[in-house]
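Report on one structure; see the data block that follows.
Lettering of chains follows the sequences in order, A, B, ..., and the numbering in each one begins at 1.
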2 protein chains.
Amino acid sequence: MNVSSKPERTRLSAEDWELAALQLIAEQGVGALAVEALARQLGVTKGSFYWHFRTREALLNAALERWEQYGEREIISQIEQIADPRKRLPELFRRVAHELQPHRVYAALLKALDHPQVVPVMARVSQRRMEFLTTAYREAGLAPPQALNRARLTYAAYVGFLQLNFTLGLPRINHEEFDAYVEHMIATLIPA
Amino acid sequence: MNVSSKPERTRLSAEDWELAALQLIAEQGVGALAVEALARQLGVTKGSFYWHFRTREALLNAALERWEQYGEREIISQIEQIADPRKRLPELFRRVAHELQPHRVYAALLKALDHPQVVPVMARVSQRRMEFLTTAYREAGLAPPQALNRARLTYAAYVGFLQLNFTLGLPRINHEEFDAYVEHMIATLIPA
DNA sequence: GACAATCCATACTCTTCCGTATGGTTGATT
DNA sequence: AATCAACCATACGGAAGAGTATGGATTGTC
């Protein structure tokens with residue numbers, strides 16, 4: 001039951017700080033990552049923090065590294081297990097669409113691309129995903145140049161959707177409408 | 001010739017501060033908008049600033065309002081003058097693609113969606129553009145629900161592209177490749 | 001149960017940046 | 001030429017947050 005934030009009176013590890021940092025980033029952005037605020041939230045003081053980390057930067061880097069490592073393993077491997085290549089992309093779209101929770105950190109980091117620490121991480125992650133999409137489109141029948149551009153378009157649409165919808169709260173699309181939108185995306189972007 | 005920043009030894013107006021603020025936002029983001037930094041850049045001190053504006057917030061609001069007013073008039077009116085509705089969207093795509101400069105502020109504000117002052121501005125601007133796109137798609141022959149979803153998809157792709165390319169510097173797409181990408185977008189998103 | 005190593009609290013310093021107070025300078029007006 | 005408003009410089013006060021110093025508490029280990 002120790003998921004929340006109040007009364008966990010055990011001692012903390014570096015991992016605890018990293019996880020709390022990621023959660024805070026997801027909720028309030030990288031700019032809100034202040035050590036005293038985090039300490040309050042964890043029920044300790046700065047004294048604890050500076051035992052585990054040399055600096056605030058170090059925490060950010062550690063948290064980003066953790067996120068990059070354990071962030072996307074599951075979905076990609078799940079999709080790769082689908083036998084028919086033509087069924088992979090629709091399944092990917094639908095699955096991503098209904099797991100918007102793990103994308104919160106990505107959306108937050110997208111808004112923090114002025115911080116030099118996050119740029120390389122985001123570049124690597126985005127690059128990997130783009131490559132995954134590109135090969136998926138090739139396997140779905142597109143010629144290589146088409147596949148690359150379609151992957152660019154798809155990934156841009158994904159990123160833009162994140163920004164427009166749970167960062168900005170645009171026209172608060174509801175569930176049915178959202179499902180229809182996803183199907184529209186599938187019909188428009190994926191070759192028949 | 002007084003475009004740059006060094007030796008303009010006339011007195012400043014509120015407008016000067018607003019324009020400088022927008023430029024700084026475009027280059028370094030909303031977070032970098034500090035009054036002393038701006039003052040240095042303009043060759044004056046804070047004393048000047050606090051004569052023109054009551055607070056830093058006031059400057060940000062004024063700058064945002066100015067941007068919202070004079071930001072997008074031209075392109076929309078130009079597009080609306082095109083007679084054949086089916087030629088409007090391709091032209092819009094190509095024109096937007098080759099004027100990425102005015103989109104710098106929009107991209108910067110996209111990353112500042114945690115600041116409560118920018119959210120309403122961005123919501124209004126994005127909403128207007130979305131509506132423009134939606135009617136354009138209807139005029140190009142799509143049924144209303146399809147048109148709305150296609151507009152969502154298109155605008156998300158636009159926003160995502162901004163983030164991925166001149167905020168993050170993803171795979172540094174070159175000119176030819178970029179033109180090909182734009183044509184791919186047109187072929188994929190606009191009904192024939 | 002002593003004794004390290006680990007973990008944390010308290011109390012500082014230092015920097016940055018917003019905002020204020022106040023007086024000086026410049027320019028237009030008469 | 002005098003005057004008044006517009007504009008700016010200088011010197012503060014104060015809050016917030018990073019980082020340091022140091023000692024106290026807790027935990028495992030012999």
Side-chain angles (χ1 to χ4, degrees), chain A residues 2 4-25 27-64 66 108 111-112 114-118, chain B residues 2 4-25 27-64 66 108 111-112 114-118:
Chain A
N2 52 4
S4 187
S5 47
K6 289 286 176 50
E8 315 173 17
R9 289 272 90 249
T10 37
R11 307 173 103 184
L12 300 176
S13 66
E15 185 178 345
D16 294 324
W17 285 94
E18 295 169 14
L19 293 175
L22 283 175
Q23 188 179 336
L24 203 160
I25 287 173
E27 290 168 358
Q28 308 192 44
V30 175
L33 185 61
V35 337
E36 279 164 318
L38 247 192
R40 266 194 303 277
Q41 183 180 316
L42 287 172
V44 292
T45 65
K46 313 199 307 186
S48 171
F49 176 83
Y50 284 99
W51 196 91
H52 293 286
F53 296 93
R54 230 175 47 75
T55 168
R56 190 204 102 121
E57 267 190 32
L59 169 65
L60 218 196
N61 283 327
L64 290 175
R66 170 174 297 276
K111 300 189 307 187
D114 26 9
H115 297 243
Q117 302 179 65
V118 323
Chain B
N2 52 4
S4 188
S5 45
K6 289 286 175 52
E8 314 172 16
R9 286 273 90 247
T10 37
R11 307 173 102 184
L12 299 177
S13 67
E15 185 178 345
D16 294 324
W17 285 93
E18 295 169 14
L19 293 175
L22 283 175
Q23 188 179 336
L24 202 161
I25 288 173
E27 290 168 359
Q28 308 192 42
V30 175
L33 185 62
V35 337
E36 279 163 317
L38 246 194
R40 265 194 304 276
Q41 182 180 318
L42 287 173
V44 293
T45 64
K46 314 197 312 183
S48 170
F49 176 84
Y50 284 100
W51 195 90
H52 293 287
F53 296 93
R54 233 176 47 74
T55 167
R56 191 204 101 119
E57 267 190 31
L59 169 65
L60 181 55
N61 282 328
L64 290 175
R66 169 174 298 276
K111 301 188 306 186
D114 28 9
H115 297 243
Q117 302 178 64
V118 323

Exercise. With distance as the sole test, does A:N61 use its side chain to make a donor-acceptor pair with the main-chain N or O of A:A58 at under 3.5 Å?
Worked result: no
Exercise. Roughly, in whole Å, what's the span from CG in A:L59 to P in D:dG17?
Worked result: 16 Å
For this session: Find the distance between CG (B:L19) and CG (B:L24) and round it off to the nearest 0.5 Å.
Result: 12.5 Å
Exercise. If you round to the nearest 0.5 Å, how far is OG1 of B:T45 from CZ of B:R40?
Worked result: 11.0 Å
Exercise. Nucleotide by nucleotide, 5' to 3', does protein get under 4.0 Å of the base (B), only the sugar-phosphate (S), or neither (-) in nucleotides 14-24 of chain C, counting heavy atoms?
Worked result: ---BBBB----
For this session: Supply the atom-to-atom distance B:E18 CD to B:Q23 CD, rounded to the nearest 0.5 angstrom.
Result: 14.0 Å
Seminar exercise, completed: A:Q41 CD to D:dG17 P, in whole Å, measures 14 Å
Exercise. When the distance from CH2 of A:W17 to P of C:dC8 is rounded to whole Å, what number comes out?
Worked result: 8 Å
Seminar exercise, completed: Taking D:dA9, C:dC7, D:dC7 as options, the one with an atom nearest any side-chain atom of B:W51 is D:dC7
Seminar exercise, completed: All heavy atoms of B:A108 vs all of B:G29, minimum pair found to be CB-CA, 4.5 Å
Exercise. Taking CG from A:D16 and C1' from C:dC8, how many angstroms apart are they, rounded to a whole number?
Worked result: 14 Å
Exercise. Should A:H52 be listed as having a side-chain N or O under 4.0 Å from OP1 or OP2 of C:dT6?
Worked result: no
Problem set entry | Rounded distance (Å) that lies between atom C1' of D:dC7 and atom CG of B:L42 | 14 Å
Problem set entry | Geometric class of the B:W17/B:H52 ring pair [parallel <30°, tilted 30-60°, perpendicular >60°] | tilted
